Amino acid sequence: MNKIVEVKDLTKVFNGYRAVDSISFDLFEGEILGLIGPNGAGKTTTLQMLLDLTTPTSGEIKIFGLELKANRGEILQRVNFSSSYISLPLSLTVEENLTVFARLYNVSKPKGRIEELLKVFEIYNIKDTPTRRLSSGQITRVCLCKALLNNPSILFLDEPTASLDPDIADKTRTLLKKIKDENGISMLYTSHNMKEMEEMSDRVIIINKGKIIAEGKPDALIAQYKGESLEDVFLKIARQ
Amino acid sequence: MKYKIKRILAYTIRNLYLYKRSLPRLMEVFYWPVLDLVVWGFVSVYLSRQEGLPDFVTFFIGALILWDILFRSQQGISVSFLEDVWSRNLLNIFVSPLSPSEYVASLLLISIIKLILTSTVMAALAWVFYSFNILTFGFTLIPLILNLIIMGWAVGIVTTALIMRFGQEAEVLAWGIALLFQPVSAVFYPVAVLPRSLQTVALFIPSAHVFEGMRLVITTGAFPAEELIWAGFLNIAYIVVSILFFSWNFSVVKNKGLLAKVGE
Ligand SMILES: Nc1ncnc2c1ncn2[C@@H]1O[C@H](COP(=O)(O)OP(=O)(O)O)[C@@H](O)[C@H]1O
Ligand SMILES: [Mg+2]
């Protein structure tokens, strides 16, 4: 499989604190890679460095084989991002918000693309509703539509289901898996919910205090550490 | 290049949608300026009768409208940026292909659109209420207005940078920073009434030259070349410094990982 993201010795120091400490990993084409770890482990910081929102202290990031800083525009055109901590202007309708982003990404036939995505996420009925009147579950799904508008090759998701109730969260995960299978999108997905990641990820990286402490397929990790679940594995390693 | 322009327009349209959808935002464009004009316009009419000051109404209402252009130009930028902060949309914007310089360019465009709306309404009302015709400034109006817009941009860009860096604490600057410039801009009185030290400060404020120029046109009808040259050169310096400050600040913000935290 092809490496689509290559990260080498990535480090971020905030006021002397190593939030991300020399991590290296690859994301392969068509896989869901889960970045898991407790709150404060450095997941968000890592993701933000991959999106050029935060500048690394040191290390290398290549996406599509291109160095991130030097090829920012080209790379951002082909990836996208969503998370539970972002939202969209509340006074605009769902369709207006998505139209703006369709134009920012220069999507051809934006109207058709938007309708198609709204249908996939089963929110076509709220197309003309002002974003203000949506539930947090609906906003999350609109943000996911936004994240898929440009047919990204890579989707970066930072705790995308954190604000959802268990039922919607589960539905969303199923949908994301389906989208990945149908379109071959690669995903880098963070969560502190290890159970969720066990189910979602083809491969996981467990990080703690900025360092990678284990890496592999969920089953393999569970077998290797003789645990019951990823959570078990994490606790075993963290307490060693 | 074509895509650059497309992206800039896309983001500009976002802001127009905001105004279409939101009464409070539309009020902000029309309500305050119109109230200002009504109250201060009648005050000036009253004073001109009492004191028999010739041209007083023209001075005052001309100053009001022009000051509002500077204020709107600055606010158009900072408030549009705040819209993204408040709606937690900033990350959506900055992970899109819209580059930071394109983002600033579209903020400038939005500010122009907003201030054209506001000043057209103000100028029309001034004509109806006080028979004040802003076009009596003639051709001179164009460089006067351009200078105010550019100064507003420079101040707005710096304000936006400060909000990015210092978050909520700095938000108040979006409304307050222009007022800081008002006393030394000699909007409603000549620079000559300022104390010596402030006169020296005013020398380096583009808007002070604009308002001196405005009064010169009203009293003598002459083209205020010297004032406009001063204002022009100062403004070039202002805009260059503001853009350098913004881009330096942006890299500081990215180093400190603050982009995701603005508004928290
Ligand atoms: N902008 C910042 N400035 C200072 N410290 C930060 C900043 N962002 C994150 N941190 C710190 O870095 C560590 C990792 O944070 P984060 O990446 O958000 O963790 P996670 O997403 O895994 O919960 C935490 O200790 C957090 O307090
Ligand atoms: Mg996080």
Side-chain angles (χ1 to χ4, degrees), chain A residues 12-15 19-20 42 44-45 47-57 69 72-93 95-107 110 130-132 139 142-143 146-147 149-150 152 156 158, chain B residues 1-26 28 79-103 106 110 164 250-264:
Chain A
K12 183 67 203 179
V13 182
F14 289 120
N15 313 316
V20 174
T44 298
T45 306
L47 221 59
Q48 282 178 357
M49 289 192 281
L50 290 173
L51 287 158
D52 193 37
L53 293 169
T54 296
T55 308
T57 306
K69 269 270 185 276
R72 181 180 185 277
E74 191 184 336
I75 291 169
L76 291 180
Q77 178 67 48
R78 294 168 62 195
V79 307
N80 214 318
F81 166 74
S82 190
S83 103
S84 51
Y85 53 76
I86 57 169
S87 183
L88 290 161
L90 296 177
S91 51
L92 271 62
T93 68
E95 190 181 29
E96 285 169 344
N97 266 322
L98 292 176
T99 304
V100 169
F101 283 96
R103 285 172 200 248
L104 280 178
Y105 284 96
N106 194 32
V107 174
T131 308
R132 176 185 323 286
I139 290 187
V142 175
C143 287
K146 177 238 105 179
L149 274 173
N150 58 330
F156 295 97
D158 196 5
Chain B
M1 190 64 199
K2 191 178 132 207
Y3 295 132
K4 250 183 167 356
I5 293 171
K6 248 185 135 165
R7 287 194 292 265
I8 293 172
L9 289 180
Y11 182 74
T12 309
I13 287 168
R14 195 305 292 279
N15 283 273
L16 296 185
Y17 277 145
L18 277 177
Y19 284 86
K20 188 177 99 186
R21 290 277 166 208
S22 166
L23 189 63
R25 289 188 182 83
L26 264 184
E28 180 215 315
V79 174
S80 303
F81 165 74
L82 278 174
E83 297 274 6
D84 284 322
V85 173
W86 294 329
S87 58
R88 291 189 288 149
N89 190 40
L90 212 53
L91 292 193
N92 285 327
I93 299 286
F94 283 116
V95 301
S96 85
L98 188 78
S99 71
S101 56
E102 290 164 9
Y103 182 71
S106 60
I110 294 152
M164 267 191 193
F250 196 71
S251 69
V252 171
V253 163
K254 276 166 71 171
N255 268 321
K256 292 186 176 283
L258 297 177
L259 223 40
K261 301 194 190 296
V262 192
E264 262 176 23

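On a predicted model such as this, the values are computed, not experimentally measured, just so you know. These numbers come from the heavy atoms of this one structure, side chains and all, not from hydrogens, waters or symmetry mates. Per chain, numbering begins at 1; letters A, B, ... match sequence-line order.
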Checklist entry - What distance separates B:Asn255 CG from A:Thr57 OG1, expressed to the nearest 0.5 Å? => result 7.5 Å

Next on the checklist: Would A:Leu104 and B:Arg7 count as a side chain to side chain contact (heavy atoms under 4.5 Å, CB included) here? Give the steps.
Outcome noted: CA-CA 5 Å; A:Leu104 280 178; B:Arg7 287 194 292 265; 4.2 Å; yes

Next on the checklist: Among A:Arg78, A:Gln77, A:Glu74, which residue has the highest count of heavy-atom pairs closer than 4.5 Å to chain B?
Outcome noted: A:Gln77

Checklist entry - What residues of residues 81-89 of chain B sit under 4.5 Å from chain A when only non-hydrogen atoms are counted? => result B:Ser87, B:Arg88, B:Asn89

Next on the checklist: For the CG atom of B:Leu18 and the CG atom of A:Leu90, what is their distance to the nearest 0.5 Å?
Outcome noted: 10.0 Å

Next on the checklist: Are there over 12 heavy-atom neighbours, none belonging to B:Lys256, within less than 6.0 Å of that residue's NZ?
Outcome noted: no

Item to check | Non-hydrogen atoms of B:Lys254 and A:Leu53 that approach each other most closely | outcome: CG-O, 3.2 Å

Checklist entry - Rounded to the nearest 0.5 Å, how far does NZ of B:Lys261 lie from OG1 of A:Thr54? => result 8.0 Å

Checklist entry - In terms of heavy-atom pairs under 4.5 Å with chain B, which of A:Asn150, A:Thr99, A:Ile75, A:Thr55 leads? => result A:Thr55

Item to check | Residue A:Asp52 versus chain B: region with a heavy atom under 4.5 Å | outcome: both

Checklist outcome for this item: Applying a strict 4.5 Å limit to non-hydrogen atoms, the region of A:Gln48 in contact with chain B is side chain

Checklist entry - Among B:Ile93, B:Leu98, B:Asn92, who wins on heavy-atom pairs under 4.5 Å with chain A? => result B:Asn92

Item to check | Proximity breakdown for B:Leu259 and chain A, heavy-atom pairs closer than 4.5 Å | outcome: side chain

Item to check | CZ (A:Phe14) with more than 12 external heavy atoms under 6.0 Å | outcome: yes

Checklist entry - In chain order, what residues pass the salt bridge (Lys or Arg N to Asp or Glu O under 4.0 Å) check against B:Lys20, with sequence neighbours excluded? => result A:Glu96

Next on the checklist: If you define the side chain from C-beta out and look only at heavy atoms, does anything of B:Arg14 sit under 4.5 Å from A:Leu92?
Outcome noted: yes

Checklist entry - To the nearest 0.5 Å, what is the distance between OG (A:Ser82) and CG (B:Leu91)? => result 10.5 Å

Checklist entry - Side chain, backbone, both or neither: which part of A:Thr131 has an atom under 4.5 Å from a heavy atom of chain B? => result neither

Next on the checklist: With chain B as the partner, which of A:Leu88, A:Asn15, A:Leu51, A:Val79 has the greatest number of non-hydrogen pairs under 4.5 Å?
Outcome noted: A:Leu88

Next on the checklist: For A:Arg72, which atoms come within 4.5 Å of any heavy atom of chain B: side chain, backbone, both, or neither?
Outcome noted: side chain

Next on the checklist: Please enumerate all residues that pass side-chain hydrogen bond (donor to acceptor under 3.5 Å, both in side chains) together with A:Lys12, with sequence neighbours excluded.
Outcome noted: none

Item to check | Residues that A:Asp158 engages under salt bridge (Lys or Arg N to Asp or Glu O under 4.0 Å), provided they are two or more places apart | outcome: none

Checklist outcome for this item: Whatever's closer than 4.5 Å to a heavy atom in chain B on A:Phe156 counts as neither

Checklist outcome for this item: Rounding to 0.5 Å, atoms CG (A:Asn97) and OH (B:Tyr17) come to a distance of 9.5 Å

